[in-house]
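Let me begin by presenting the structure, written as structure tokens, before commenting on it.
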Amino acid sequence: MAFASGSGGGPMADINVTPLVDVMLVLLIIFMVTAPILSYPIEVNLPQRSLNQPPQTKTPPPPISLRIDASGTIYWNDSPVDIRVLEQQMKNEVAKDPTNQPLLEIDVNPDADYGILAKVLARAKNADMQKIGFVQPQ
């Protein structure tokens with residue numbers, strides 16, 4: 001045999017690394033091509049230093065408790081209120097001091113109709129209430 005090596009015909013112990021190098025070069029090219037596409041600038045508006053003192057904040061008025069029970073009855077500070085006059089009550093609260101509004105704390109029974117909550121939130125938006133929070137059930 002003219003091409004026989006001196007190994008004696010046993011299995012070859014050397015690892016062929018050519019396919020591994022080919023795969024690594026392809027991955028390197030893919031990452032080099034996609035890396036500039038993934039980096040794009042993000043505009044961030046950072047607060048600027050001001051020389052003027054911030055205005056003195058007023059003490060907030062007591063929060064308004066608005067509760068919706070399972071039957072759909074709405075309670076404004078524990079007194080039942082009709083949904084048709086709810087928006088006017090909210091507008092009256094906003095009109096007292098539009099810059100220092102009370103927090104509207106909404107407590108909804110999990111069994112209440114979602115449509116009533118949606119109507120209450122729409123009326124709060126129409127009354128221009130800024131501070132609305134939800135009470136977590138316990």
Side-chain angles (χ1 to χ4, degrees):
M1 287 171 76
F3 297 106
S5 64
S7 64
M12 186 174 172
D14 294 333
I15 297 175
N16 187 3
V17 294
T18 305
L20 176 68
V21 171
D22 290 343
V23 169
M24 295 305 289
L25 286 174
V26 168
L27 287 175
L28 178 66
I29 291 170
I30 289 172
F31 286 130
M32 287 173 57
V33 169
T34 59
I37 296 171
L38 295 177
S39 62
Y40 52 89
I42 298 174
E43 184 177 334
V44 177
N45 295 327
L46 297 175
Q48 301 298 319
R49 180 176 174 221
S50 68
L51 300 175
N52 300 335
Q53 291 289 335
Q56 295 296 330
T57 58
K58 303 174 189 174
T59 57
I64 299 168
S65 173
L66 189 101
R67 185 169 47 92
I68 303 173
D69 64 1
S71 65
T73 307
I74 302 170
Y75 295 93
W76 178 278
N77 287 336
D78 295 328
S79 61
V81 65
D82 190 18
I83 196 164
R84 292 174 288 218
V85 297
L86 184 63
E87 186 173 347
Q88 187 58 40
Q89 282 186 323
M90 291 178 179
K91 284 182 180 179
N92 291 341
E93 288 294 326
V94 170
K96 289 179 184 176
D97 188 2
T99 60
N100 193 18
Q101 295 181 10
L103 174 66
L104 180 65
E105 295 177 342
I106 301 176
D107 183 14
V108 183
N109 188 310
D111 298 328
D113 185 20
Y114 176 74
I116 295 174
L117 175 63
K119 290 177 184 177
V120 168
L121 291 175
R123 282 169 171 73
K125 181 182 177 190
N126 291 340
D128 200 28
M129 292 207 78
Q130 304 278 327
K131 300 177 184 178
I132 300 173
F134 289 93
V135 178
Q136 234 178 359
Q138 297 176 359

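Only a predicted model underlies this, so the values are computations on that prediction, with no experimental measurement involved. In what follows, every heavy atom counts, from backbone to side chain, and hydrogens, waters and symmetry copies are set aside.
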Next item on the list: Mind checking salt bridge (Lys or Arg N to Asp or Glu O under 4.0 Å) for Asp107 and listing every partner two or more places apart, or none if nothing turns up?
Entry: none

Next item on the list: Could you tell me the separation between the CG atom of Leu117 and the CD1 atom of Ile106, rounded to the nearest 0.5 Å?
Entry: 6.0 Å

Check: salt bridge (Lys or Arg N to Asp or Glu O under 4.0 Å): which pairs involve residues 71-86, sequence neighbours left out?
Finding: Asp82-Arg84

Notebook entry, point to check: Under the salt bridge (Lys or Arg N to Asp or Glu O under 4.0 Å) test, which residues partner Asp22, sequence neighbours left out?
Noted result: none

Notebook entry, point to check: Do Tyr114 and Leu66 share a hydrophobic cluster, counting only Ile, Leu, Val, Met, Phe, Trp and Tyr and linking them when any side-chain heavy atoms are less than 4.5 Å apart?
Noted result: yes

Notebook entry, point to check: Can you name the salt bridge (Lys or Arg N to Asp or Glu O under 4.0 Å) partners of Lys91, sequence neighbours left out?
Noted result: Glu87

Notebook entry, point to check: How would you list, by chain and number, every residue that makes a side-chain contact (heavy atoms from CB on, under 4.5 Å) with Asn109, sequence neighbours excluded?
Noted result: Ala70, Asp111, Ala112

Margin query: Let's go through Leu86 and Lys119 carefully: what are the C-alpha distance in whole Å and the side-chain angles of both, what is the deciding distance for side-chain contact (heavy atoms from CB on, under 4.5 Å) to 0.1 Å, and is it a yes or a no?
Written below: CA-CA 10 Å; Leu86 184 63; Lys119 290 177 184 177; over 6 Å; no

Next item on the list: To the nearest 0.5 Å, tell me how far Leu104 CG sits from Glu93 CD.
Entry: 9.5 Å

Checklist line | Contacts of Pro63 that satisfy side-chain contact (heavy atoms from CB on, under 4.5 Å) - sequence neighbours left out | finding: Leu103, Glu105

Next item on the list: Using side-chain contact (heavy atoms from CB on, under 4.5 Å) as the criterion, list what pairs up with Ser79, not counting sequence neighbours.
Entry: none

Next item on the list: With sequence neighbours left out, write down each residue that passes side-chain contact (heavy atoms from CB on, under 4.5 Å) with Tyr75, or none if nothing qualifies.
Entry: Arg67, Asp69, Thr73, Pro80

Next item on the list: Apply side-chain contact (heavy atoms from CB on, under 4.5 Å) to the pair Val108 and Ile116, showing each step before the final yes or no.
Entry: CA-CA 10 Å; Val108 183; Ile116 295 174; over 6 Å; no

Item checked: Side-chain hydrophobic cluster, 4.5 Å single linkage: members besides Met32 -> Leu28

Checklist line | Residue list, side-chain hydrogen bond (donor to acceptor under 3.5 Å, both in side chains) with Asn92, at least two apart or on another chain | finding: Gln88

Next item on the list: Please round to the nearest 0.5 Å and tell me the distance separating atom CD1 of Ile74 and atom CZ of Arg123.
Entry: 7.5 Å

Next item on the list: Could you list who else is in Val17's hydrophobic cluster, with ILVMFWY side chains joined at under 4.5 Å, directly or through other members?
Entry: Ile15

Notebook entry, point to check: Where is the tightest heavy-atom contact between Pro102 and Pro62, given as atom of each residue plus distance?
Noted result: CB-O, 3.5 Å

Residues 126-135, side-chain donor-acceptor partners within the protein, below 3.5 Å, at least two apart:
{"residue": "Asn126", "atom": "ND2", "partner": "Ala122", "partner atom": "O", "Å": "3.3"}
{"residue": "Asp128", "atom": "OD1", "partner": "Gln130", "partner atom": "NE2", "Å": "3.2"}
{"residue": "Lys131", "atom": "NZ", "partner": "Gln101", "partner atom": "O", "Å": "3.4"}

